[in-house]
Amino acid sequence: MSRSTTFNSSDGLQGKIAIVTGAAGGLGSAIARALCGKGVRVLAVDRPGRVANALSGPGIVRPMEVDIAGEGAPAEIVARCVRDFGGLDIVVNNAGIVIQQSIEDITDAAWEQTLAVNATAVMRISRAAVPHLKKRGWGRIINIGSTSSAFVEAGHAGYCASKHAVAGLSKAMALDLGQYGITVNYVMPGLIATPMAIDNYDPGLIEAWRCGTALGRIGEPEDIAGVVVFLASDQSRFMTGAGLFVDGGHSLHE
């Protein structure tokens, strides 16, 4: 039986409400601004002392300073979003940390901190958001992983483990939540020109990465933000459980 389909050019984002974590960083601020540019109201979340001056746009962006790894923080974040904006439609779990330590050198404290921010907070914030997304009958959860969600690199045992966890969690949530009209996808950026990346990699490695891409450059935060906007929009309505490489073709060598 055939069915005709009318495609709407609208992305369906005007008036939606989003949470973006890690919103003061280079990647998070680009994502928040890109969503705001589509008419999305954003609760911009980051650690105390970071987010207040990172973004502007009264009525569109509200800053919230909190340590997302705190046990009560996820519920507090979601409650604040619902209180300030009247609901929740989109969650972008972007916050992350990198601690360079091999398996021989990694400390319990570094391991626990990395997993707490990069994986456990993603689960907790998503879990707190789900009841509100179910009320809408529509929702988007977008998790920022890494090429380390699929591959590994030496000296990053905790980081690679945490980003593999993001991939598995995203797929499991996609199966659990699809029946409610909620999609869950994850983005796997390559090397992006953000302070976190520049501070953690020496210039020689950055140049080697650039040479290994098909496009001959490292990424810019806007390259990732555009993909997040797509995943948040109605244009991605039949995508869930997907991991998207956004790395300039670097993963073609893997």
Side-chain angles (χ1 to χ4, degrees), residues 13 16 18-23 25 27-28 30-32 34-35 40 45 68-69 73-74 77-78 81 88-98 114-134 136-153 156 158-190 192 196 219 223-247 250-251 254:
L13 288 173
K16 296 294 190 198
I19 291 169
V20 178
T21 66
L27 192 53
I31 291 169
L35 289 170
V40 177
V45 180
I68 66 168
I77 290 166
V78 171
C81 183
L88 176 61
D89 303 289
I90 301 161
V91 178
V92 183
N93 287 303
N94 166 72
I97 60 171
V98 178
T114 300
L115 290 183
V117 175
N118 293 2
T120 303
V122 173
M123 180 278 291
R124 287 176 171 168
I125 293 171
S126 300
R127 182 178 63 190
V130 165
H132 300 279
L133 302 181
K134 287 172 67 174
R136 303 288 217 210
W138 187 102
R140 301 285 187 264
I141 299 175
I142 303 159
N143 299 324
I144 305 301
S146 163
T147 51
S148 293
S149 296
F151 311 119
V152 296
E153 54 184 317
H156 290 79
Y159 182 77
C160 290
S162 70
K163 292 302 184 179
H164 271 67
V166 168
L169 176 62
S170 299
K171 294 173 185 177
M173 288 198 299
L175 280 178
D176 288 343
L177 301 177
Q179 62 186 306
Y180 306 112
I182 302 167
T183 67
V184 186
N185 295 288
Y186 62 105
V187 181
M188 294 182 284
I192 307 298
M196 187 173 82
D223 296 324
I224 307 303
V227 175
V228 171
V229 168
F230 165 71
L231 290 174
S233 75
D234 285 339
Q235 307 305 319
S236 67
R237 62 189 179 273
F238 201 56
M239 289 179 61
T240 196
L244 303 183
F245 285 106
V246 189
D247 65 350
H250 194 276
S251 56
E254 301 292 345

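The residues of the chain are indexed from 1 along the displayed sequence. This structure is a prediction, so every number in the text was calculated from the model and none was measured.
Residues satisfying the side chain to side chain donor-acceptor pair (under 3.5 Å) test with Ser251, not counting sequence neighbours, are Asp247. By the side-chain contact (heavy atoms from CB on, under 4.5 Å) test, Ala225 is found to be paired with Ala30, Ile31, Ala34, residues two or more places apart in sequence or in another chain being considered. A search for side chain to side chain donor-acceptor pair (under 3.5 Å) contacts involving Ser126 returns Asn93, not counting sequence neighbours. Under the side chain to side chain donor-acceptor pair (under 3.5 Å) criterion, Arg136 pairs with Asp89, sequence neighbours left out. Among residues two or more places apart in sequence or in another chain, the side-chain contact (heavy atoms from CB on, under 4.5 Å) test is passed with His156 by Val98, Gln100, Glu153, Tyr159, Cys160, Tyr201. By the side chain to side chain donor-acceptor pair (under 3.5 Å) test, Thr183 is found to be paired with no residue, residues two or more places apart in sequence or in another chain being considered. Under the side-chain contact (heavy atoms from CB on, under 4.5 Å) criterion, Ala116 pairs with Ala69, not counting sequence neighbours. Residues that satisfy the salt bridge (Lys or Arg N to Asp or Glu O under 4.0 Å) test with Asp234, not counting sequence neighbours, are Arg140. Partners of Ala172 according to the side-chain contact (heavy atoms from CB on, under 4.5 Å) rule, which considers only residues two or more places apart in sequence or in another chain, do not exist here. Applying the ring pair (Phe, Tyr, Trp, His ring centres under 6.0 Å) rule to Tyr180 yields no partners; only residues at least two apart in sequence or on another chain are considered.
Listed here is the closest heavy atom pair of Ile90 and Ala232: CD1-CB, 4.0 Å. Closest of all the heavy-atom pairs between Gly190 and Thr147 is CA-CG2, 3.9 Å. Taking every heavy atom of both residues into account, Val117 and Ala121 meet most closely at O-CB, 3.6 Å. Across all their heavy atoms, Ile68 and Ala95 have their closest contact at CD1-CB, 3.5 Å. In plain terms, the two heavy atoms of Ser170 and Asn143 that are nearest each other are OG-ND2, 2.9 Å. Contact between Ala167 and Ser149 at its shortest, heavy atoms only, is CB-O, 4.0 Å.
Listed by first then second residue, pairs satisfying side chain to side chain donor-acceptor pair (under 3.5 Å) with a partner in residues 114-124 read Asn118-Ser162, not counting sequence neighbours.
The CD1 atom of Ile19 sits 12.0 Å away from atom CG of Leu35, with the distance rounded to the nearest 0.5 Å. Note that the CD1 atom of Ile182 and the CD1 atom of Ile141 stand 6.0 Å from one another [nearest 0.5 Å]. Rounded to the nearest 0.5 Å, atoms CD1 (Ile142) and OG (Ser236) are 7.0 Å apart. For the atom pair CG (Leu169) and NE2 (His164), the distance works out to 14.0 Å, reported to the nearest 0.5 Å. Between the CG atom of Leu88 and the CD1 atom of Ile77 there is a distance of 11.0 Å, given to the nearest 0.5 Å. Taken from NZ in Lys163 to OG in Ser146, the straight-line distance is 6.5 Å, to the nearest 0.5 Å.
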*Test Met188 against Phe151 for side-chain contact (heavy atoms from CB on, under 4.5 Å), laying out the working first.*
CA-CA 10 Å; Met188 294 182 284; Phe151 311 119; over 6 Å; no

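Within the 4.5 Å cutoff, the side chain of Val187 has heavy atoms near those of the Ile144 side chain. Between Lys171 and Tyr186 the shortest side-chain heavy-atom distance falls below 4.5 Å. Side-chain contact between Met239 and Phe230 is present, with at least one heavy-atom pair separated by less than 4.5 Å. A heavy-atom distance below 4.5 Å is found between the side chains of Leu244 and Leu231. Looking only at side-chain heavy atoms (C-beta outward), Leu13 and Val229 come within less than 4.5 Å of each other.
Tested against Val228, the residues Asn185, Asn94, Val92 include a single side-chain contact (heavy atoms from CB on, under 4.5 Å) partner, Val92.
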